[in-house]
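Report on one structure; see the data block that follows.
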There are 2 protein chains.
Amino acid sequence: MNKQKRKSLEKKGWKFGSTEEFLNLSEEESSYIELKMKLSANLRKLRTEHKLTQVELAKVIKSSQSRVAKLETGDPSVSLDLIIRSLLALGTSNKEIARAISS
Amino acid sequence: MNKQKRKSLEKKGWKFGSTEEFLNLSEEESSYIELKMKLSANLRKLRTEHKLTQVELAKVIKSSQSRVAKLETGDPSVSLDLIIRSLLALGTSNKEIARAISS
DNA sequence: TAAATATATGTCAATTATGACATATTATCA
DNA sequence: TGATAATATGTCATAATTGACATATATTTA
């Protein structure tokens with residue numbers, strides 16, 4: 001992960017501590033973020049393909065429009081659990097989820 | 001998912017409501033559980049391959065032995081986030097995680 | 001362009017996950 | 001066997017995530 005990417009993520013609310021800490025930021029942390037980002041992007045793709053608005057998707061997953069927005073923009077306040085559950089609610093199979101992660 | 005499987009999961013603390021509800025239990029819910037189970041199993045496999053005890057893994061991921069046990073036994077109280085983070089802490093790549101999900 | 005529709009951002013009380021601890025159960029091995 | 005190490009289970013106060021709401025911003029359409 002480079003400085004550019006860091007700035008973009010920090011703007012979204014991700015916290016990374018000192019620059020030093022960031023520079024040796026573990027593979028772990030960046031893999032985790034990358035994973036979430038990929039699945040978030042996939043969720044938006046799926047929703048639009050299904051021609052649903054965020055309000056409509058919110059109904060399906062029993063959540064709210066604002067949370068759907070956060071899901072799709074990679075807000076750090078959303079859990080992987082919710083992202084995955086949302087994907088599954090849209091009919092995504094585990095294999096497709098795996099594909100999205102690998103992509 | 002069959003009745004056998006259901007009993008086993010309920011013993012672990014999963015909640016499914018009425019039998020009726022369970023019978024039309026969405027693909028969604030069972031996929032979600034299946035996903036967690038696969039990753040949990042993978043975590044245990046990895047830990048033992050690394051010849052770590054649960055206490056040692058707990059140190060690595062800054063958690064406790066009891067939570068590691070719950071991670072590995074598919075306790076419903078553990079999040080996908082923690083499972084994934086633990087896998088990543090053990091050096092698992094996103095691609096490997098994807099493979100585990102697809103398996 | 002203005003109105004309407006869609007999405008984003010901020011906040012918060014309630015819900016859920018967390019690490020920690022105690023303790024029970026299960027495996028290992030002398 | 002019995003001691004010791006490893007894992008499992010139960011509980012709880014604290015921390016993190018949640019849906020909901022208000023409202024801002026962006027996009028579409030008349």
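Lettering of chains follows the sequences in order, A, B, ..., and the numbering in each one begins at 1. Computed from a prediction, not measured in an experiment: that's the story for all the values here.
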Test your reading of the model: is there a side-chain donor-acceptor pair from Thr92(A) to the backbone of Leu88(A), 3.5 Å cut-off?
no
Verify whether one side chain among Thr73(A) and Asp75(A) offers a donor that lies under 3.5 Å from an acceptor in the other.
no
Could you check how far CG of Asp81(B) sits from P of dA16(D), rounded to whole Å?
13 Å
For Lys12(B) and dA8(D), what is the distance between atoms NZ and C1' respectively, to the nearest whole Å?
11 Å
d(CG, Leu82(B); P, dA16(D)) in whole Å:
13 Å
Using a 4.0 Å heavy-atom cut-off, does Val78(A) contact any base of the nucleic acid, only the sugar-phosphate backbone, or nothing at all?
sugar-phosphate
Leu71(A) CG to dA20(D) C1', straight-line distance once rounded to whole Å:
14 Å
Is there a donor and acceptor pair closer than 3.5 Å between the side chain of Gln65(B) and the base of dA8(D)?
yes
Does any N or O donor sit under 3.5 Å from an N or O acceptor when you compare the side chain of Lys11(B) with the base of dT9(D)?
no
Do any side-chain nitrogens or oxygens of Ser79(A) fall under 4.0 Å of OP1 or OP2 in dT18(D)?
yes
Tell whether Lys70(B) reaches the base of dG19(C) with its side chain through a donor-acceptor pair below 3.5 angstrom.
no
Between dA20(C) atom C1' and Lys59(B) atom NZ, what is the distance in whole Å?
14 Å
Leu90(A) and Arg47(A) have their tightest heavy-atom pair at CD1-N, 4.1 Å
Starting at CG of Leu80(B) and ending at C1' of dT17(D), how long is that distance when rounded to a whole Å?
14 Å
Ignoring hydrogens and geometry beyond distance, is the side chain of Ser64(A) in donor-acceptor contact with the base of dC21(D) at under 3.5 Å?
no
Let me spell it out: for each of Glu72(B) and Arg67(B), pick the nucleotide of DNA chain D with the closest heavy atom. Which residue's pick is nearer the 5' end?
Glu72(B)
Of the options dA8(D), dG19(D), dT7(D), whose atoms approach the side-chain atoms of Ser63(A) most closely?
dG19(D)
In this structure, how many angstroms lie between the P atom of dT17(D) and the NZ atom of Lys62(A), rounded?
23 Å
Ignoring backbone atoms, test whether Arg44(A) places a side-chain nitrogen or oxygen under 4.0 Å from the OP1 or OP2 oxygen of dA8(C).
yes
What do the steps show when you test Ile61(B) against Leu71(B) for side-chain contact (heavy atoms from CB on, under 4.5 Å), and what is the final call?
CA-CA 12 Å; Ile61(B) 66 172; Leu71(B) 273 165; 4.0 Å; yes
Can you check whether Gln54(A) has a side-chain N or O nearer than 4.0 Å to OP1 or OP2 of dA8(C)?
yes
With heavy atoms under 4.0 Å as the rule, sort Arg85(A) into base, sugar-phosphate or nothing.
nothing
Could you check whether Asn94(A) and Tyr32(B), counting side-chain N and O atoms only, form a donor-acceptor pair closer than 3.5 Å?
no
Send over the distance from Leu57(A) CG to dG19(D) C1', rounded to a whole Å.
14 Å
Side-chain N or O of Ser66(A) closer than 4.0 Å to phosphate OP1/OP2 of dC21(D)
no
